[in-house]
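Inspection log for the structure reproduced underneath, given as structure tokens.
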Amino acid sequence: MKPTLLSVGLFAYFVSLVSATALTYKILANEKACFYAAPEKKGSKIAFYFAVQSGGSFDINYEVTGPGDKVILDGEKERQGDFVFTANDLGEYKFCFNNEMSTYSEKFVDFEISVEDEVRAQLPSKQGSTPEQTSALEESIYKVSGQLSTIARNQKYFRTRENRNFSTVRSTEGRIVNFSLIQCAMMVAMGGLQVFVVRFFFQGARKGYV
């Protein structure tokens, strides 16, 4: 039992060689920010995820370029994105966010860049085990790995929804407060105007009697 558990643990650890960067970055108004990733092997998979958490209309311009400034992905006024592409050339891949469309709104962007070499380790064969049993175990492990990735993506999605809804609530609260202040100011102004009109009529009536 122990050798089997050890083999499964080692296999799950070496299923794929992945280097990932997950960050939250504040992009100022009229700012363009770029980040870089450099795969070590051709054919590596590069995953790129981003989501605007707060600021403005929750949108951002983005562009992904490869070696030689070749445009791979781009978009305007996008709220979030989740992409995977193959690095066919070695060199630096540039991931840029552009907030030059905003004149005063700063934005918080969550993003993740991961490079996966897809190197699969082989389970050590055990005496008495058949290739079918080993293959079934591999498929189960990959299935669990895919489910974990799905859970992670769902967590990111719900986190983004939570931040956006919270920002909407704060914006609505601010509008209610401002409307209440304006309403109070209008009531005070209306009361002052009524006092002025009443005094004006009484002063005019007194002059008529005189």
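When all heavy atoms of Glu92 and Tyr36 are compared, the closest pair comes out as OE1-CD2, 3.8 Å. Gly91 and Pro39 make their closest contact through O-CD, 3.5 Å (heavy atoms, listed as atom of the first residue, atom of the second, distance). Of all non-hydrogen atoms in Phe58 and Ser54, the two that sit nearest each other are CE2-CA, 3.6 Å. Here the shortest heavy-atom pairing between Arg159 and Thr24 reads NH2-OG1, 4.3 Å. Of all the heavy atoms in Val71 and Glu63, the pair that sits closest is CG2-OE2, 3.8 Å.
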Taking only distance into account, with no hydrogens and no angle test, what donor-acceptor pairs under 3.5 Å do side-chain atoms of residues 93-103 form with protein atoms, sequence neighbours excluded?
{"unit_1": "Tyr93", "atom_1": "OH", "unit_2": "Asp89", "atom_2": "N", "d": "3.3"}
{"unit_1": "Tyr93", "atom_1": "OH", "unit_2": "Asp89", "atom_2": "O", "d": "2.7"}
{"unit_1": "Asn98", "atom_1": "OD1", "unit_2": "Glu100", "atom_2": "N", "d": "2.8"}
{"unit_1": "Asn99", "atom_1": "OD1", "unit_2": "Ser102", "atom_2": "OG", "d": "3.0"}
{"unit_1": "Asn99", "atom_1": "OD1", "unit_2": "Lys107", "atom_2": "NZ", "d": "3.3"}
{"unit_1": "Asn99", "atom_1": "ND2", "unit_2": "Leu28", "atom_2": "O", "d": "3.1"}
{"unit_1": "Asn99", "atom_1": "ND2", "unit_2": "Ser105", "atom_2": "O", "d": "3.0"}
{"unit_1": "Ser102", "atom_1": "OG", "unit_2": "Lys107", "atom_2": "NZ", "d": "3.4"}

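At a threshold of 4.5 Å between side-chain heavy atoms, the hydrophobic network of Ile, Leu, Val, Met, Phe, Trp and Tyr places Ile72 and Val115 in one connected group. Taking hydrophobic clusters as Ile, Leu, Val, Met, Phe, Trp and Tyr residues chained together by side-chain heavy-atom distances below 4.5 Å, Ile27 shares a cluster with Val64. Cluster annotation: Phe48 and Leu23 are assigned to the same hydrophobic cluster (Ile/Leu/Val/Met/Phe/Trp/Tyr, side-chain heavy-atom contacts under 4.5 Å, transitive). Linking ILVMFWY residues whenever their side-chain heavy atoms come closer than 4.5 Å, directly or via other members, leaves Phe108 and Phe35 in distinct clusters. Cluster annotation: Val109 and Phe166 are assigned to distinct hydrophobic clusters (Ile/Leu/Val/Met/Phe/Trp/Tyr, side-chain heavy-atom contacts under 4.5 Å, transitive).
With contacts defined as side-chain heavy-atom distances shorter than 4.5 Å, the pair Thr86/Lys45 qualifies. Two residues are said to be in side-chain contact when any heavy atoms from C-beta on lie closer than 4.5 Å; Ser180 and Ile176 meet this criterion. In this structure, the side chains of Phe111 and Tyr62 stay at 4.5 Å or more apart for every pair of heavy atoms.
The CG atom of Leu90 lies 9.5 Å from the CD atom of Glu40; values are rounded to the nearest 0.5 Å. With values rounded to the nearest 0.5 angstrom, Glu173 atom CD is found 10.5 Å from Asn178 atom CG. Remark: Glu78 CD to Asn61 CG distance equals 8.5 Å, nearest 0.5 Å.
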Next on the checklist: I'd like to know whether Thr65 forms a side chain to side chain contact (heavy atoms under 4.5 Å, CB included) with Lys70, so could you lay out the CA-CA distance, the side-chain angles of the two residues, the decisive distance to 0.1 Å, and finally the verdict.
Outcome noted: CA-CA 5 Å; Thr65 57; Lys70 180 181 178 181; over 6 Å; no
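The six-membered or imidazole ring of Phe85 lies away from that of Phe83, with a centre-to-centre distance of 6.0 Å or more.
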